[in-house]
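This is a predicted model, so every value here is computed, not measured.
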Amino acid sequence: ADISTPSEGLYKFFFNVGDKVGNKLIDKTAEVHLDKTPPILVITTTFPEWVNTKTYSVEGTANDSAAGVKVVKCEVNGVLQVLSGDNNWSGILEKLKEGNNTLDFFAEDKVGNKSNKTSKIIKVDTVLPILQFVKPESGEILLANSMPVGEIEVSASDDASGIEEL
């Protein structure tokens with residue numbers, strides 16, 4: 001039988017059935033918990049603007065008081081990764097790429113409700129900066145005491161995260 005339920009909660013159904021010759025099954029009961037609410041996802045990891053590794057550890061919590069949390073997942077640049085745990089979850093995001101990485105986290109409860117996606121951006125720079133000697137040139141042979149103080153010149157560059165110190 002189709003039964004409509006207007007709101008979430010615990011419902012008890014009582015059934016009686018009989019066949020055409022008088023056999024009757026009386027008082028069959030079923031309890032059903034109706035859950036339309038998605039889990040609540042909290043990410044406790046902080047995300048710096050830049051990291052120098054292609055993996056990153058994440059953790060957080062997920063809560064679903066009705067059906068319970070089934071799984072927490074993260075989509076890393078479009079590739080789905082399942083994280084460990086349910087209410088307290090963690091994992092190591094793999095396959096981060098150089099530059100911008102889009103991370104979309106969501107939780108799913110045991111009846112299929114999904115939380116809204118929580119998006120994070122993390123940038124990866126694993127390439128060493130470039131340092132060049134301008135003056136004197138690399139390999140140049142100088143006479144002792146022939147270069148006055150202050151005439152050493154270098155340049156540095158980093159196309160991704162930039163130069164912090166030189």
Side-chain angles (χ1 to χ4, degrees), residues 5 7-10 32-166:
T5 53
S7 62
E8 293 184 308
L10 182 63
V32 176
H33 191 109
L34 180 62
D35 176 15
K36 298 178 185 178
T37 304
I40 297 169
L41 178 72
V42 175
I43 301 168
T44 56
T45 302
T46 58
F47 290 87
E49 183 178 4
W50 288 94
V51 296
N52 63 355
T53 179
K54 291 188 177 182
T55 62
Y56 197 71
S57 294
V58 294
E59 60 184 30
T61 60
N63 188 328
D64 188 284
S65 59
V69 176
K70 176 182 175 183
V71 68
V72 176
K73 298 178 182 179
C74 181
E75 200 172 295
V76 180
N77 300 316
V79 178
L80 203 57
Q81 183 174 335
V82 176
L83 303 172
S84 297
D86 42 36
N87 291 340
N88 294 302
W89 56 268
S90 64
I92 297 175
L93 301 180
E94 299 175 345
K95 299 184 181 177
L96 298 176
K97 62 180 181 160
E98 290 289 325
N100 289 343
N101 291 271
T102 302
L103 312 173
D104 292 321
F105 295 86
F106 66 94
E108 184 177 333
D109 69 16
K110 293 177 181 174
V111 295
N113 296 315
K114 292 181 183 176
S115 68
N116 291 329
K117 286 185 179 181
T118 300
S119 295
K120 300 287 184 183
I121 299 287
I122 193 165
K123 297 176 185 177
V124 173
D125 178 7
T126 62
V127 179
L128 295 174
I130 298 171
L131 177 66
Q132 293 179 322
F133 283 94
V134 177
K135 192 176 184 182
E137 292 182 26
S138 180
E140 186 176 343
I141 300 173
L142 302 173
L143 294 172
N145 298 325
S146 68
M147 176 168 261
V149 175
E151 287 196 28
I152 296 176
E153 186 179 333
V154 295
S155 71
S157 64
D158 186 313
D159 292 338
S161 60
I163 299 295
E164 182 177 6
E165 60 183 82
L166 176 60

Is the closest side-chain heavy-atom distance between K95 and V79 below 4.5 Å? no
Over all heavy atoms of both residues, which pair between L93 and V76 is shortest? Give the atoms and the distance, please. CD2-CG2, 4.0 Å
Rounded to the nearest 0.5 angstrom, the CG-CG distance for D158 and D125 is 4.5 Å
Once you round to the nearest 0.5 Å, how far does CG of L41 lie from CD of E108? 12.5 Å
d(L131 CG, S157 OG) to nearest 0.5 Å is 9.0 Å
Looking at N88 and D86, would you say the former's side chain and the latter's main chain have a donor-acceptor pair under 3.5 Å? no
On a heavy-atom basis, the closest approach of V72 and A107 is CG2-CB, 4.1 Å
Using 0.5 Å steps for rounding, measure from the CG atom of N77 to the CG atom of N101. 4.5 Å
Could you report the tightest heavy-atom contact between P38 and N113, atom names first, then the distance? CA-CB, 3.7 Å
Checking the side chain of E59 only, and the main-chain atoms of T44 only, is there a donor and an acceptor separated by less than 3.5 Å? no
Taking the side chain from D109 and the backbone from G68, do they hold a donor-acceptor pair closer than 3.5 Å? no
Interatomic distance, Y56 atom OH to K120 atom NZ [nearest 0.5 angstrom]: 10.5 Å
Does the Q81 side chain pair with the main chain of I92, one donor and one acceptor, at a distance under 3.5 Å? yes
How far apart are the closest heavy atoms of D35 and A67, and which atoms are they? OD2-CB, 3.2 Å
Might you confirm whether atom CD1 of I40 has over 12 heavy atoms from other residues, nucleotides or ligands at distances under 6.0 Å? no
Sorted by chain and number, sequence neighbours left out, side chain to side chain donor-acceptor pair (under 3.5 Å) with T45 holds for none
Take N100 and T102 through the test side-chain contact (heavy atoms from CB on, under 4.5 Å) and record every step on the way to the result. CA-CA 7 Å; N100 289 343; T102 302; 5.9 Å; no
Take atom CG in N116; do more than 12 heavy atoms of anything else shown fall under 6.0 Å from it? no
State, to 0.1 Å, how close L83 and C74 come at their nearest heavy-atom pair, and which atoms those are. CD1-CB, 4.1 Å
Quick test of your reading: applying salt bridge (Lys or Arg N to Asp or Glu O under 4.0 Å), list the pairs with at least one residue in residues 60-77, sequence neighbours left out, ordered by first then second residue. E75-K117
If you apply the rule side-chain contact (heavy atoms from CB on, under 4.5 Å), what do you find for N87 with T61, and how did you get there? CA-CA 5 Å; N87 291 340; T61 60; over 6 Å; no
ring-ring contact (aromatic ring centres under 6.0 Å, His included): pairs with one or both residues in residues 69-99, sequence neighbours excluded: W89-F105
Check: L103 and L96 side chains under 4.5 Å, non-hydrogen atoms: yes
